[in-house]
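Written below as structure tokens is the structure these notes are about.
The residues of the chain are indexed from 1 along the displayed sequence.
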Amino acid sequence: MQRPYKSLGVMNSPGKPASLEATGSDGVQSAPLLRTLGGNVLAAAAYWQASLLVLWYFSRYEISPAPIWLPAGVALFAALVLGNWSWPGIFVGCLLGTITLRDDLGLGAVIGAGNALAAVVGASLARGRMRDERPFSRLAHVFFLGKAILASGAVAATVGATAVWIHLRDPLAALPVRWFEWVLSDSGAALLLVPLLMLLPHLGNHRFWLARVRGHALEFLLVAAIAAGTVIYLLHEKTALLAADAGASFLLLLPLLWMAVRFSLVIACPMFVAEIVAVIVGTLAGYGPYAGVDKGGACLIFAQMVIGFGLAVLLLGAASEEQRATEQELRELNRDLENRIDQRTAELRQSKEQMEKAALHDPLTGLPNRRYLEQRFSACRSAAARKRTQVAVLLIDLDHFKQINDTIGHDAGDVLLVETGRRLVAAVREYDVVARMGGDEFAVLLPDAEDEASVDTVCKRIVRKVTDRIFFNGSHIVTSPSIGVAVYPEHGDLWQEVYKASDLALYDAKRAGRCRWEWYRPEQTAAAARGVARSQR
């Protein structure tokens with residue numbers, strides 16, 4: 001009967017564990033120590049029960065030693081989870097198996113110490129190097145776990161095989177064979193069990209299943225059916241050639257690799273374990289191409305198959321996870337870049353708008369300036385030419401503005417200009433344009449001047465609103481507007497012509513007594529000009 005010579009290893013360091021130091025005089029709580037003790041109890045129980053299960057099953061077929069030693073996987077997993085001070089649980093679990101089976105206690109203690117040391121050494125090569133949220137999300141994880149499994153198997157085999165060789169006084173030639181079989185047994189079991197236990201918490205994550213399987217349910221079911229079919233084919237189809245039948249075992253790998261690439265190792269790993277267990281059980285029951293092979297040799301074949309297939313699945317699955325993570329990072333970088341570009345574009349657009357506003361608007365009143373009014377007149381002129389309508393230009397000058405500036409101050413003048421602009425905007429329609437031409441001169445552009453009466457109505461409203469007094473610093477500011485009116489196309493075809501006509505009309509309003517509006521009358525303006533010329537002789 002196979003001896004329980006393998007165990008759940010942790011740390012053989014002579015120093016105190018961090019969990020014990022945490023309970024010293026510094027007053028730190030003892031929760032880490034309690035977790036370590038509880039973990040050791042679970043590790044011992046799991047190791048003990050796993051050894052009894054393996055020995056009971058393989059003893060039914062008179063296979064000894066057990067070719068797949070599952071407690072080695074339990075030991076390495078315990079060391080990865082609990083840390084260095086998981087070794088007592090592994091060692092005790094091994095001794096419990098030895099006592100239960102009434103084997104040599106001294107030999108069991110030596111092998112248990114070797115298994116504990118093996119798990120600690122192996123776990124130290126991987127623990128702390130797999131810090132991602134999900135194990136095997138990177139190829140490096142498989143590399144570190146592979147080193148841990150190989151180192152753990154080598155240490156356990158060195159101690160255990162040597163102890164058994166000495167105890168049984170076997171020939172020296174038997175030691176390398178026993179050592180190699182021991183390494184295969186421990187490494188195969190660890191590769192079968194440890195990844196499954198590490199990924200086990202994610203099996204219950206329904207969000208993960210929804211994310212990976214949703215939309216591909218039919219594909220998932222089809223691949224699962226193919227996996228079951230390959231196991232059945234391997235165990236039941238037989239030809240006269242052992243090599244041909246044994247070659248069918250490679251078919252097991254196809255659905256596993258498909259699951260690892262298309263879905264996840266979280267799905268592929270349990271399927272891998274299920275396939276291997278089904279093939280081993282079927283072979284020992286007398287089915288499949290390996291049923292005629294010596295049962296111990298057949299199981300060693302399966303140990304090698306576990307190592308080869310397991311590493312292939314882990315490597316391809318980890319590479320796929322790494323690619324998915326890289327693609328996700330690229331998508332996030334692209335989104336971030338797009339957001340930055342959009343933000344920068346918005347900033348540039350805002351800056352452009354501000355520059356355009358500064359170039360086309362008066363900084364004091366915020367009204368459009370002369371340049372803007374010229375551009376707007378050109379657009380309205382084109383529309384009026386198509387519709388055969390008129391465009392009116394009202395040039396407005398504030399009466400006695402210089403006197404207000406000199407007596408009350410420039411602050412009062414600025415307030416007057418701002419308030420005048422506001423009142424002009426309130427006096428006209430929404431689509432009319434009010435602009436400040438400079439100094440105390442304003443202009444209003446009326447795109448759809450129906451007739452002279454409608455323009456007079458606007459002028460009357462402007463005079464009434466602008467004439468209302470303004471209160472500033474305890475004083476009342478009183479001004480009035482003088483307005484000159486000209487229209488396109490009657491008084492000119494170009495902006496310069498219409499503007500000049502309205503300016504001449506404004507002069508007529510000033511000369512006629514201010515606080516009024518005057519239309520551009522060519523004959524009237526010419527007569528006034530002749531009168532001025534005669535008075536200057």
Side-chain angles (χ1 to χ4, degrees), residues 349-381 383-384 390-402 404-405 408-449 454-455 457-472 477-488 494-496 498-503 505-507 509-510 514-517:
R349 187 183 300 112
Q350 183 179 4
S351 177
K352 180 183 177 182
E353 291 173 355
Q354 291 175 351
M355 292 176 63
E356 289 178 349
K357 184 176 180 180
L360 299 174
H361 287 75
D362 172 56
L364 176 63
T365 62
L367 295 174
N369 59 15
R370 183 190 192 102
R371 180 182 173 189
Y372 180 91
L373 192 65
E374 290 180 16
Q375 295 177 1
R376 185 62 179 158
F377 175 84
S378 297
C380 294
R381 171 181 173 274
Q390 299 184 110
V391 179
V393 175
L394 281 58
L395 195 61
I396 305 167
D397 188 83
L398 297 182
D399 300 329
H400 311 297
F401 180 76
K402 184 176 183 303
I404 294 171
N405 258 347
I408 305 178
H410 289 281
D411 289 345
D414 290 344
V415 170
L416 176 60
L417 292 174
V418 172
E419 179 62 19
T420 300
R422 189 191 68 78
R423 292 182 179 185
L424 288 174
V425 171
V428 299
R429 298 165 299 185
E430 185 177 353
Y431 55 87
D432 296 333
V433 182
V434 177
R436 183 188 177 198
M437 307 298 285
D440 63 331
E441 189 174 84
F442 293 84
V444 176
L445 183 69
L446 306 178
D448 296 320
S454 64
V455 176
T457 301
V458 174
C459 292
K460 186 183 299 183
R461 196 159 51 240
I462 290 174
V463 170
R464 185 176 66 252
K465 285 185 174 292
V466 174
T467 306
D468 287 347
R469 63 182 62 190
I470 298 172
F471 184 76
F472 175 76
I477 305 174
V478 180
T479 187
S480 59
S482 295
I483 306 173
V485 183
V487 297
Y488 162 88
L494 301 177
W495 161 256
Q496 291 81 0
V498 176
Y499 174 76
K500 182 178 180 181
S502 62
D503 186 48
L506 172 63
Y507 173 78
K510 290 276 191 183
R514 306 177 191 270
C515 192
R516 58 188 295 121
W517 70 92

Any pair counted as side chain to side chain donor-acceptor pair (under 3.5 Å), so long as it reaches residues 438-448, sequence neighbours left out
E441-Y499
Determine which pairs satisfy side chain to side chain donor-acceptor pair (under 3.5 Å) with at least one residue from residues 460-470, sequence neighbours left out, and list them in order.
none
I'd like to check [X] versus [Y] (side-chain heavy atoms, cut-off strictly below 4.5 Å). Are they in contact?
X	Y	result
R422	E419	yes
D411	V415	no
L417	F401	yes
L398	V466	yes
D397	P481	no

What is the minimum heavy-atom distance between N405 and G413, and which atoms define it?
OD1-CA, 3.3 Å
Please lay out, stage by stage, how V458 and R429 fare under the test side chain to side chain contact (heavy atoms under 4.5 Å, CB included).
CA-CA 9 Å; V458 174; R429 298 165 299 185; 5.7 Å; no
With no hydrogens and no angle check, do the side chains of D399 and S482 hold a donor and an acceptor under 3.5 Å apart?
yes
Quick one: side-chain hydrogen bond (donor to acceptor under 3.5 Å, both in side chains) partners of Q390, sequence neighbours excluded?
none
Go through the structure and list residues passing side-chain hydrogen bond (donor to acceptor under 3.5 Å, both in side chains) with S502, not counting sequence neighbours.
none
Residues forming a ring pair (Phe, Tyr, Trp, His ring centres under 6.0 Å) with F377, sequence neighbours excluded
W495
Of all residues at least two apart in sequence or in a different chain, which pass the ring pair (Phe, Tyr, Trp, His ring centres under 6.0 Å) check with Y372?
H361
